[in-house]
Number of protein chains: 2
Amino acid sequence: MSTTTTGPLTISAAAERVGLSADTLRYYERIGLLDPVPRTAAGQRLYGEPEMARLEMVMRLRGTGMPLHAMVEYTRLVREGDTAVAPRRAMLADQRARLLERMEELAATLRYLDRKIETYDTRLAALETG
Amino acid sequence: MSTTTTGPLTISAAAERVGLSADTLRYYERIGLLDPVPRTAAGQRLYGEPEMARLEMVMRLRGTGMPLHAMVEYTRLVREGDTAVAPRRAMLADQRARLLERMEELAATLRYLDRKIETYDTRLAALETG
DNA sequence: GCTTGCGTTGGAGTCCACTCCAGGGTGCAC
DNA sequence: GTGCACCCTGGAGTGGACTCCAACGCAAGC
């Protein structure tokens, strides 16, 4: 029993699965963010497990605000294989550090928003009674 | 004793304080994200307490990924005064909800990155001993 | 009184990340 | 065999958020 027993997906199915458009998937491949995707005899793309896993990673890193060109660089390092494992680890560690900073910043903003909303509540209450 | 005893700032000083460029500050004013900033007799902008407070808010909301046009709308509501307190509160509450979602997503990504980095460490160890 | 360093404007240019064609192919359903 | 729904390509277009520029103004220092 494998985790997901679905076979390879067409581009539109893959796109829907990850929440992107088919155009964006082709675009990602074009700029080298994704390795060339396997094709049918007729030349249509088929997204299998490895492609979907790479896509998940791209979506995750994208969510952290990592620019596409940095992810393209990462993809290039993946193609280099074992010789580039250390720099890849370094890139991820860097991004992890940035992510932590960002999370702290967002936590601060959450507190800021809560204070702000509270003052609005006070104002609204004053307007009602006034 | 006030919190910050610095007088009004020139555009470049204000820009440096918030980590933006002077051009960006002018741009924000142009698109209506900031109300017209007070000027000297010679027409140069002076950023006082209220302007800097607005800027802090803008930076915070920007950090949550709120698009500028939404913040412009918020600014418009601020200009409307008390009649628009409720919708403003609603906008902030909305953004707060989105922020929470986003924070959870980032927490998940942090876990993802940690797993990924760990597998790289394992691989690196294997490469060394191999 | 002129250089230097700040500021002003309106408008054009840039970068990023898509997004949308036009023109064409493939394969299944009827 | 003809719709129809999908897919393909290269290239152009879009929207957001800046960023840069030319041409100019003002004020302080030498």
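Lettering of chains follows the sequences in order, A, B, ..., and the numbering in each one begins at 1.
- Among the protein residues, Ile11(A) comes within range of the sugar-phosphate backbone only, with heavy atoms under 4.0 Å from sugar or phosphate atoms but none that close to a base.
- Atom-to-atom, OH of Tyr27(A) to C1' of dT19(C) comes out at 11 Å; the value is rounded to the nearest Å.
- Listed nucleotides: dG7(C), dC18(D), dT19(C). Nearest to the side chain of Gln44(B): dG7(C).
- Side-chain nitrogen and oxygen atoms of Arg45(B) include at least one within less than 4.0 Å of the OP1 or OP2 phosphate oxygen of dT8(C).
- The residue Leu20(A) sits apart from the nucleic acid: no heavy atom pair falls under 4.0 Å.
- Atom-to-atom, CE of Met71(A) to C1' of dA17(C) comes out at 10 Å; the value is rounded to the nearest Å.
- Between Thr10(B) and dG7(C), a side-chain N or O to OP1/OP2 separation shorter than 4.0 Å is present.
- Distance, Arg26(B) CZ to dA22(D) C1': 14 Å, rounded to whole Å.
- Residue Arg39(B) has a polar side-chain atom (N or O) positioned under 4.0 Å from OP1 or OP2 of dT9(C).
- Across the protein-nucleic acid pair, Leu61(A) atom CG and dA17(C) atom C1' stand 16 Å apart, rounded to whole Å.
- Taking atom CD1 on Ile31(B) and atom P on dG11(C), their separation rounds to 17 Å, with Å as the unit.
- For the pair Leu25(A) CG and dC18(C) P, the computed distance is 11 Å after rounding to whole Å.
- Considering only side-chain N and O atoms, Arg30(B) lies nowhere under 4.0 angstrom from the phosphate OP1 or OP2 of dT19(D).
- Here dG7(C) presents its P atom at 14 Å from CD of Glu29(B), a figure rounded to the nearest Å.
- Nucleotides of DNA chain C nearest to Ser12(B) and Asp23(B) differ in position, and the one nearer the 5' end is that of Ser12(B).
- Under 4.0 Å is where a charged nitrogen must lie from a carboxylate oxygen, and between Glu118(A) and Arg115(A) no such pair does.
- Salt bridge status for Arg45(B) with Glu29(B): present, with a side-chain N to carboxylate O gap under 4.0 Å.
- Between Tyr28(B) and dA17(D) there is no side-chain N or O to OP1 or OP2 distance below 4.0 Å.
- In terms of heavy-atom proximity, Leu33(B) sits nearest to Arg54(B) at O-NH2, 3.6 Å.
- For Glu16(A), the CD atom is loosely surrounded, since the number of other residues' heavy atoms within 6.0 Å does not exceed 12.
- In this structure, CD of Glu16(B) is placed 11 Å from P of dG7(C), rounded to the nearest angstrom.
- Taking 4.0 Å as the cut-off between side-chain N and carboxylate O, Arg26(B) and Asp23(B) count as a salt-bridged pair.
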